[in-house]
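The structure under discussion appears below in the form of structure tokens.
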Amino acid sequence: MRIATAMVVLLLLAGCVNAVADNPQDHKAAIEAVTAANTAKDRAMIARDPQALASFYTEDYQVIDSRADIHGKKNQVDFMTKAVELLKADSDQVKVEMLAPDVALVTGRMTGRYRMNGKESGFVERYTGIWVKQGADWRVKHEHGSMQPDGT
């Protein structure tokens with residue numbers, strides 16, 4: 001009986017993993033939706049719109065910043081809409097890998113300029129994000145960003 005139960009569990013897990021690859025149209029649509037959500041999140045950061053930005057994060061969201069500090073959703077939204085002003089920010093080299101039908105790994109590079117404490121600077125950040133589908137929407141559950149030291 002234990003062997004039969006274990007086999008059923010393994011088959012169910014295999015079905016979940018293969019569900020992403022089995023339907024290429026769903027796979028492609030999911031990648032496009034995550035890519036669009038990532039771009040819209042970038043726009044919300046530039047607009048300094050706290051409600052829009054918050055809508056892209058799960059309630060248990062956390063980010064590990066370039067100093068290895070960990071922040072939650074409220075702190076990140078406050079920082080991005082009050083402490084820093086993104087003057088320009090463009091993501092490129094964005095790659096989306098579907099880990100499951102409702103989970104995606106996003107990596108990319110963001111370049112731009114920002115103003116903080118009256119000082120304007122350029123930046124280049126490499127980032128990784130775990131996006132999850134909640135209802136019809138894709139949201140970031142976890143992010144990590146590393147700034148390139150010379151800003152290029």
Side-chain angles (χ1 to χ4, degrees), residues 1-114 123-148:
M1 187 65 155
R2 285 185 181 174
I3 293 175
T5 303
M7 290 300 291
V8 169
V9 169
L10 288 173
L11 288 171
L12 288 172
L13 287 174
C16 290
V17 171
N18 290 333
V20 175
D22 285 347
N23 191 338
Q25 289 176 333
D26 288 348
H27 183 79
K28 182 179 179 191
I31 288 173
E32 289 171 355
V34 173
T35 302
N38 190 60
T39 299
K41 181 177 76 75
D42 289 354
R43 286 194 307 265
M45 287 190 301
I46 293 169
R48 300 179 86 185
D49 182 337
Q51 288 181 314
L53 186 56
S55 74
F56 288 102
Y57 298 131
T58 63
E59 289 306 313
D60 60 346
Y61 167 86
Q62 68 175 196
V63 60
I64 300 173
D65 67 19
S66 58
R67 293 184 314 235
D69 292 330
I70 299 173
H71 305 281
K73 177 178 180 174
K74 182 179 180 342
N75 185 267
Q76 180 70 355
V77 170
D78 287 349
F79 178 75
M80 294 307 301
T81 60
K82 296 175 184 172
V84 67
E85 178 184 3
L86 283 181
L87 305 171
K88 180 182 178 203
D90 297 302
S91 283
D92 64 4
Q93 300 179 9
V94 177
K95 293 182 183 174
V96 177
E97 180 182 347
M98 298 307 299
L99 302 178
D102 59 352
V103 180
L105 172 66
V106 178
T107 58
R109 179 180 72 166
M110 179 178 276
T111 59
R113 297 199 61 74
Y114 70 95
F123 72 92
V124 176
E125 176 191 43
R126 296 280 182 180
Y127 62 85
T128 302
I130 300 293
W131 287 72
V132 296
K133 191 169 187 183
Q134 294 184 328
D137 299 317
W138 285 93
R139 293 191 171 93
V140 186
K141 182 173 183 66
H142 178 82
E143 287 183 296
H144 178 259
S146 296
M147 296 290 201
Q148 289 187 219

Can you name the nearest heavy-atom pair linking Tyr57 to Gln76, along with the distance? OH-CG, 3.7 Å
Given side chains that start at C-beta, do those of Leu86 and Met80 come closer than 4.5 Å, heavy atoms only? yes
Euclidean distance, Tyr114 OH relative to Glu85 CD, rounded to 0.5 Å: 12.5 Å
Given Tyr61, which of Lys74, His71, Glu143 fulfils the side chain to side chain donor-acceptor pair (under 3.5 Å) condition? Glu143
Can you find a heavy atom in the side chain of Met45 that is under 4.5 Å from one in the side chain of Asp42? yes
Ile46 and Ala89: which non-hydrogen atoms are nearest, and at how many Å? CD1-O, 3.5 Å
Interatomic spacing from CZ in Arg48 to CG in Leu53 - rounded to 0.5 Å: 11.5 Å
To the nearest 0.5 Å, atom CE of Met98 lies from atom CH2 of Trp131 at 12.0 Å
Minimal heavy-atom distance between Phe56 and Ala37, with the atoms involved, is CE2-O, 3.6 Å
Counting heavy atoms not belonging to Gln51, are there more than 12 under 6.0 Å from its CD? no
What's the shortest heavy-atom distance between Ala104 and Val96, and which atoms? CB-CG1, 4.1 Å
Roughly how far apart are Asp90 CG and Arg109 CZ, rounded to 0.5 Å? 10.0 Å
Residue pair Ser91 / Asn38: nearest heavy atoms and the distance that separates them: OG-ND2, 4.3 Å
Rounded to the nearest 0.5 Å, what separates atom CD1 in Ile64 from atom NE2 in His144? 5.5 Å
For the student: nearest non-hydrogen atoms of Ala52 and Ala44, plus distance: CB-CB, 3.9 Å
Say you draw a straight line from CD of Gln62 to CD1 of Ile130; how long is it, rounded to the nearest 0.5 Å? 11.5 Å
Checking salt bridge (Lys or Arg N to Asp or Glu O under 4.0 Å) between Glu59 and each of Lys73, Arg139, Lys141, which is the one that passes? Lys73
Decide yes or no for Tyr127 and Val63: does some side-chain heavy atom of the first lie under 4.5 Å from some side-chain heavy atom of the second? no
